[in-house]
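Below you'll find the structure, written out as structure tokens, and then a few comments.
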Amino acid sequence: MPDFWEKHADCEEQLKSWFGETEKSEWKNLNELKKDYPSASILRENRIVYNIKGNKYRLIVKFNFDYQICWIRFMGTHAEYDKINANTI
């Protein structure tokens, strides 16, 4: 992530905040996650899309709630997001 916010400094604080909150979380399922992030979009296979910096950027992650693991699958501008398949990346 640091490489990304070096290029897009306007989202550094939001990404750091998301990372800190996610690292401390103990969500057991998507419903618990949605309580903290109601605007997050749920995709298939426990993929979540977060709007960063007023929807200027998109962050896609995949969760394994049983093992409390989160993988970042994509981080980019909204325009870059429009060029990918969020369900398969």
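Just the heavy atoms: all of them, side chains too, but no hydrogens, waters or symmetry mates, feed the values below. Heads up: numbering here begins at 1 and tracks the sequence.
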Problem set entry | side-chain contact (heavy atoms from CB on, under 4.5 Å) assessment of Phe19 paired with Leu59 | CA-CA 11 Å; Phe19 182 81; Leu59 171 65; over 6 Å; no
Exercise. How far apart are the C-alpha atoms of Asn64 and Asn46, what are their side-chain angles, what is the distance that settles it, and do they pass the side-chain contact (heavy atoms from CB on, under 4.5 Å) test?
Worked result: CA-CA 7 Å; Asn64 180 316; Asn46 291 334; over 6 Å; no
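Among residues two or more places apart in sequence or in another chain, the side chain to side chain contact (heavy atoms under 4.5 Å, CB included) test is passed with Thr88 by Arg44, Asn85. When the salt bridge (Lys or Arg N to Asp or Glu O under 4.0 Å) test is applied to Lys56, the partners found at least two apart in sequence or on another chain are Asp10. Scored by the side chain to side chain contact (heavy atoms under 4.5 Å, CB included) test, Glu45 finds Arg47, Lys62 as partners (sequence neighbours excluded). Listed by chain and number, the residues in a side chain to side chain contact (heavy atoms under 4.5 Å, CB included) with Ser17 are Glu21 (sequence neighbours excluded).
Gln14 places no side-chain N or O within donor-acceptor distance of the main-chain N or O of Cys11, the cut-off being under 3.5 Å.
Looking only at side-chain heavy atoms (C-beta outward), Ile52 and Phe4 stay at 4.5 Å or farther from each other.
Within the model, atoms NZ of Lys7 and CE of Met75 stand 12.0 Å from one another, a figure rounded to the nearest 0.5 Å. Of the inter-residue distances, the one linking Leu15 atom CG with His8 atom NE2 reads 10.0 Å to the nearest 0.5 angstrom. A distance of 10.0 Å separates OH of Tyr50 from CD1 of Ile72, quoted to the nearest 0.5 Å.
Smallest separation of non-hydrogen atoms from Lys35 and Pro38: O-CD, 4.0 Å. When every heavy atom of Asn51 is checked against every heavy atom of Ser39, the shortest pair comes out as ND2-O, 4.2 Å.
Between His78 and Tyr57, the distance separating the two ring centers is not shorter than 6.0 angstrom.
Through side-chain heavy atoms spaced under 4.5 Å, either directly or across other Ile, Leu, Val, Met, Phe, Trp or Tyr residues, Val49 is tied to Leu43, Ile60, Phe74, Tyr81, Ile84, Ile89. The other members of the hydrophobic cluster of Ile69, by chain and number, are Tyr67, Trp71 (side-chain heavy atoms under 4.5 Å, ILVMFWY only).
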Below 3.5 Å, can you tabulate the donor-acceptor pairs from side chains in residues 24-33 to any protein atom, sequence neighbours excluded?
| residue | atom | partner | partner atom | Å |
| --- | --- | --- | --- | --- |
| Ser25 | OG | Thr22 | O | 2.8 |
| Trp27 | NE1 | Asp36 | OD2 | 2.8 |
| Asn29 | OD1 | Asn31 | N | 3.0 |
| Asn29 | OD1 | Glu32 | N | 2.9 |
| Glu32 | OE1 | Lys28 | N | 2.7 |

